[in-house]
Every structure is written in C-alpha cells, then in structure tokens.
Visitor: 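Encoded as structure tokens, here's the structure I'll be asking about.
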There are 2 protein chains.
Amino acid sequence: MANVRLGIIGLGNMGSGHIDNYLHGRLKNITITAICDIDPQKLKIAGEKLGDGVKQYATSEALIRSGEVDAILIATPHYFHPTIAIDGFRNGLHVMSEKPAGVYTKAVREMNEVAKASGKVFGVMFNQRTNPAYQKLKHMIDSGILGPMTRATWIITDWYRTQSYYNSGGWRATWAGEGGGVLLNQCPHQIDLMQWICGVPKRVFAKAYFGKYHDIEVEDDVTAFYEYENGATGLFVTTTGEYPGTNRFEVSGDLGKVVIEGGKFLYYKNNRSIKENTMNNNGGFSGPGCTVEEIKFDNGGEQHVGILNNFADCILNGTPLLAPGEEGIRGLSVSNAMHLSAWTNSWVEMPLDEDKYYALLKEKIAASRYVKPEVASGEVADLSGTYGGAK
Amino acid sequence: MANVRLGIIGLGNMGSGHIDNYLHGRLKNITITAICDIDPQKLKIAGEKLGDGVKQYATSEALIRSGEVDAILIATPHYFHPTIAIDGFRNGLHVMSEKPAGVYTKAVREMNEVAKASGKVFGVMFNQRTNPAYQKLKHMIDSGILGPMTRATWIITDWYRTQSYYNSGGWRATWAGEGGGVLLNQCPHQIDLMQWICGVPKRVFAKAYFGKYHDIEVEDDVTAFYEYENGATGLFVTTTGEYPGTNRFEVSGDLGKVVIEGGKFLYYKNNRSIKENTMNNNGGFSGPGCTVEEIKFDNGGEQHVGILNNFADCILNGTPLLAPGEEGIRGLSVSNAMHLSAWTNSWVEMPLDEDKYYALLKEKIAASRYVKPEVASGEVADLSGTYGGAK
C-alpha cells in the first residue's frame, strides 16, 4: 500500500481541521479519498476545498462500503463513535476515532471487542499525548524517577465557554445529544492524560454542578477526588464557567515533584527518598532537601498531525500507536465514574458498575430537553444514523 | 496603665519565641512580668534569660492569681487553651491564646461566652493575618474587586514533618494529647485565613488519612471540599508527608482571579464580568479578556510581634483587634467539620453538630495510645492542669 486512503466522517470543527492539515501537506502517507456529512452544505464546502477526486457521501454507511477507503476518521458527535467504528471494522477498515471514544463504557467495550476481532488498526485522537511535557512526566513516573506517586492534582479550569457556544448546536450539552458537558466535551484529553500518566484510580468521589454557569442541563463545573491503588490521592477540577481559569498539573512522588503550568515544566528533585528521610532524620522539620530545574521543550508536540501520521505509520509499517483506540475506555470509565458519583452522591469503586451508570444515563436522556425527531423512546441506540456534522 | 504586664503560660517553642521577640525589644508597651511551665527545666532556662524581676510559677492557676499580670499569653498544648483562658477571664485578666483556640468547638464556645461576659480583651495568635498579601486578598473580596467568589483552592502541602518530630512529645499527634494532627497543629493558620477571606463554608466533605506517612494515630493527609452559601466551591489540601510540597492559594471571582504562591501575588483582572460575558458574548470561546499584574509587598507583615503589639494597643487604647479571640471558633468549626466528615464519610452541614463531633472525639480519646497518668476515663476535662510546656 503506497498511501493510506482515508475517509473523513463528520465535517464539523474537528473534521474541517484535519482537512486543513491535509491541504497544508502536513499529513504523510495519507490521501483523503472520501468525505461524509449529513449536512449537504458542509459536504459541499469541504468537497470544494478537496477537489473532484474526493468522493462525497451523505451517510457513514455508504462511505464505509464504498471501496474508496482503507481507513476512516470519525469526527461526529460522541454517541456515534462506537457505532460507526464498529461498522468500519466489520467492513475491513482501520479506524481513528475522535475523543471521547464514546459516551458510556458499555458501547465502547463492544467497540473494543469488535476492533480486536477485526485485527485492524484502531486509534483515538488523544493528540495531547504527543506533547513532550506530558511524555516526559509519564516517563518520570513509569521509570521510577519520581518514586512511588503520592498525589496528582489537575486544575483545568481554563475551558471557558459562553452561552452562545452551547446554543450553537441543539445536541450540545444535552444528555441525549452529547451525554454530558465539560467531562465529555472539553476534558477527555486531561482525563486520558491523567490516567495515562498516573493510572486509573481505584475509586472516585465527585461533585458536579449542572448548568451552574450556563443554561444547560449537563455539568459545567466538577471537582473529583481519586484514590489510587497504592494509596496516592488525586484531584481533578474543571469548569467552563471561570475566566481566565487555570491549567496546572502537579504530581508528587517519594523522590520529587513536577508542576506543569503556564507552559513551564518544573522538576523538584529530592536529594533522597521522603519516606526514608521521614523515618531516619532526627531533625523534626528537616526534609530530604531538593533542587529545582525547569525542563524546557522546543515545542508542544505534533498534536493532531502527529496522531494521524502515527496512525498511518502503524497501518503501513506496524509502528506502535501512541494512542491505541482500546485505551479510550480508560479515561471514559473515569469520566463515567465522576458522573455516577455525582448522581448518587457516593464513592464509586473501579471498575465502575457500567449497568448502573447506563441505567441512570438513560433516565437523563429520557428527560433531556434535546429530543431529535428520530428518537422515539430515548434509547441511545435509536440515534444511529442521525449524527450531525458539528463537533 | 503604662505597660501591659504580661504572663506567659507554656514555655515550649512558641512561648520561647515570644520571649525572644521581647528580649530583642520588638514588643511595644508590653512588660513580661511572669512565666509558667510545669517543666522546672523550661522554667529555669526562661527565667535565666528574663532575669530576676520576672516571677516564675509551676501552674497557670498560681500565675493567674498572682496579681503580677494584667494579661496572659497561653502557649500550652491545644486542649488547655479554653480552660486556662476561662480561668484568666474569671480572674480579671486579658487573654491572648495561641492557635488553635481549642480542640473542639464546645469548649471554645464556652470560652467565648466567658470572654464576652468578662469585658476583657481576647485575642488569638493568627499571626498570618498580618501578612499584607492575605490582607490585600481579603480586601479584594470584601470590597467586591474580585466580584462574587466562584472558587477558592488552597493546596498547603509544605508542612513536612519527620517521625522524630512526632516522637518529640508524647502528647503530639494523639487524640488524647492534641486532638488531631495536621489540621489542629499545622493548619489552623490557613484554615483561619481561608474563612477570614472567603467565609465559613455551608458544608464540608473531607477525606483524611490517619498515620499515612508517619507512625501516628491522627491525620497527616487531608483533602477537603467546601461548598459556600453562594454556590462557590472550595478545596483545602494538606499533608505533613510530602516534600518539597506546595503552598498555593487561588481565589476566583466573577471579575478576576488571584494566585498567591512562592512569594508571588498574581492578580488577573477581567475586563468585564464573566457572567455578563457568558450571557451576551456571541463568540463561543471568547472570554471577557483580562490583564495580569504582580502585586508586590515590602515584607511578610509583623507576624507574632504584630499580633502582640496590636493586643497591647487594644488593651491600652481600644484599637480594634486584627484577630479577635472570638473568631477562633470559625476556623476550628471548619477543622472539626473536616474531622467529622472524614470519620463519618459524609457531608457535614454547617454549623456542625458539635455534640456528634465531641462524642466521636471522646471515642478516639478513649482508644488513644497516649494516656497520661492523670487521665482515668479518657474524659477531656480530666486533662486540666496536666499541660506540658512543649508546643
């Protein structure tokens, strides 16, 4: 295979962004051969940009069965990611899904099983994994440089959005259309990075506020507390209602601390183990001592382009994926756990009770202000084929 | 009255520190005329420093009834603060208590009532209230400069202590001797400042770890979540087990944000109200815009010296107190709420159920590893008169 023939499904913000990267020559070994959107206007605009050689389809089913593509990139609203991915795998295609992998883990689990059985390449657009700062931090944890982790705190409150943003698509910020708010739309990157770097917590307690800063039915303010298997604690704090907000990720371990904030990566390297010092140092206030270093990076990583080129490289040469699709369920399970905890005002043990989560989600969907004409019963499955292009 | 004649009760770390400030001429309008400790060695050392004119007593009762003092400064272990203060007020003395005001609000409430009835001056050593950075932030909240508060987050994890610190006094970090760990010993300042600046929360949920990093029976790691009356949220995170730790206080409001960390005070001033922008700006991602300014201060405030001089000034001239003793109960009630929430794994509504807290505290005391000879039943009251000098 010379180039991977790629079909893009969903031509909203994200789908259009990928096309722009392609037209600027940033994608290697990839040729966009087909596009799809249920909105004829979006299809027309993208088609004109890409030229006559690129086939246009009104449905994902048609694109997937066209014989024109080796792989698809799914950039539809979240609910459709698993449905379309499964259709793609069953028709012999490689699949790249936008984040989140889906809205609820039950559907994503099925997608993962079909992906595995298909033997095809499955990636998820966790573009932040290409950021060298997060890669460095992951390495420092994985290799033991920071020692056993004791605390991880991510304050990510710079996702400010106006009411007009939420008004821009009827599906946005609704239980039926999006399945959640800031946790499902803005935060999948940070939730994934946190589990990628620190692991999936053992249990979660979260407080979420629904429509606190906006006229929406889903959450726009969340504070979650994690407990990890080794006893370490975690905090995840987010909102779309603050400004200018904060993006600060701090991880402490027995051998030091890292703070990533405002484009700076500060590494506090302890002179010895805290634990050892605590037990053996006779000075009551005497810490192990430490040095501070700012670690600088040339850039913020290749982001979306890097993930797509890595995807093509995996298809063509077997290069390992930086963000395997099967891992999408991890962050999503943490996100679902936050919702479940907030809905039930109780701790949620991991792995979470997926049936309980799904049952409660369906209640929310049934009561949702957003009801598409095609949706009769509020069943998520009934939404298949109704995806809009906006992302 | 020319100078306030001050008696110091308890000659541990804090009592000795105050004497050093006095000997360096930093206290105005104050003459130390008497000292007290149950440890003859501590009494002798301090007595030699201060000279023959200063009377020495083995018990607080004797000092209080000596006729040698107008005011007392209580620097004993926490449990004795209310008991000794009440004895002081009943004998016509002004009282300055070290922090915390006490261990449990029931005792502190009684102390406050006696103080009020006495008409004497009552102060508490919240020396951090003299820090101009915290004063500035309080002013920005009180005056509306930051707009209605939306979130307050204090990560105060730089209270590192070794095991030897906890081993240095039998009463330390025990339910019977100290009534708690990091919340009662290290954090009263921050808990007070946070309530002074942001108010007392409406409800509290906390997770505490007991003996996580040290061989102690009380908490050395706490994460607490606050909800305020206006819907704002708060986080308070502390431990004595991390190094180098973090001290970062961030407060967000509708008109901006302040971050105090590492000696820096950063003020993010929004160009307009977030709320107004959220509802009226048609750009989905467009915030109100802001400018950032670092506000610098010449120094960290007069601290303990400032609080003591203000106390004397109040006695002599009626100058208002910066840290009135009656306010000690506010931070303590938040601290007690954190313990109660952690013990019961549930939300604690404020004002907290003091009887429930006290009943559970007594259970902990009864099971405490620290049992003084004088303590027969584990009753807190039985500890009266057994205070040690170490602080």
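Scope of the values below: all heavy atoms of this structure, side chains included, with no hydrogens, waters or symmetry mates. Throughout, a chain's letter reflects where its sequence line sits, starting with A, and its residues are numbered from 1.
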Visitor: Is the closest side-chain heavy-atom distance between B:Asn277 and A:Thr162 below 4.5 Å?
Guide: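 Yes, close enough: below the 4.5 Å cut-off.
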
Visitor: Examine whether an atom of A:Trp347 lies under 4.5 Å from a heavy atom of chain B, and if so say whether it belongs to the side chain, the backbone or both; otherwise answer neither.
Guide: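 For A:Trp347, side-chain heavy atoms alone lie under 4.5 Å from chain B.
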
Visitor: With a 4.5 angstrom heavy-atom cut-off, is it the side chain or the backbone of A:Ser252 that approaches chain B, or both, or neither?
Guide: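 Answer is side chain: those atoms of A:Ser252 sit under 4.5 Å from chain B.
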
Visitor: Check whether A:Asn345 gets within reach of chain B through its side chain, its backbone, both or neither, counting any heavy atom under 4.5 Å.
Guide: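 Side chain only.
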
Visitor: Between chain A and each of B:Lys275, B:His214, B:Glu261, count heavy-atom pairs under 4.5 Å; write down the option with the most.
Guide: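 Option with the greatest count: B:Glu261.
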
Visitor: Any side-chain heavy atom of B:Lys212 sitting closer than 4.5 Å to one from A:Thr233?
Guide: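 Counting from C-beta outward, B:Lys212 and A:Thr233 do come under 4.5 Å.
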
Visitor: Can you check salt bridge (Lys or Arg N to Asp or Glu O under 4.0 Å) on A:Lys207 and B:Glu227, steps first, answer last?
Guide: CA-CA 10 Å; A:Lys207 172 77 190 163; B:Glu227 258 185 0; 3.4 Å; yes

Visitor: Any donor-acceptor pair under 3.5 Å linking the side chain of B:Tyr160 with the backbone of A:Thr278?
Guide: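 Checking the backbone N and O of A:Thr278 against the side chain of B:Tyr160, a donor-acceptor pair under 3.5 Å is found.
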
Visitor: So which part of A:Asn270 gets closer than 4.5 Å to some heavy atom of chain B, the side chain, the backbone, both or neither?
Guide: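 Side chain only.
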
Visitor: Do A:Thr153 and B:Val237 come within less than 4.5 Å of each other through their side chains, counting heavy atoms only?
Guide: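 A:Thr153 does not reach B:Val237 side chain to side chain.
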
Visitor: Less than 4.5 Å to any heavy atom of chain B: does that hold for the side chain of A:Asp254, its backbone, both, or neither?
Guide: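 For A:Asp254, no heavy atom lies under 4.5 Å from chain B.
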
Visitor: Heavy-atom distance under 4.5 Å between the side chains of A:Phe205 and B:Phe205, does that happen here?
Guide: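 SC-SC contact between A:Phe205 and B:Phe205 confirmed.
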
Visitor: Applying ring-ring contact (aromatic ring centres under 6.0 Å, His included) between A:Phe285 and each of B:Tyr243, B:Tyr166, B:Tyr165, report the one that passes.
Guide: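 Result for ring-ring contact (aromatic ring centres under 6.0 Å, His included) with A:Phe285: B:Tyr165.
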
Visitor: By a 4.5 Å heavy-atom criterion (distance strictly below it), what part of A:Leu255 contacts chain B: side chain, backbone, both, or neither?
Guide: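 It is neither, since no heavy atom gets under 4.5 Å.
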
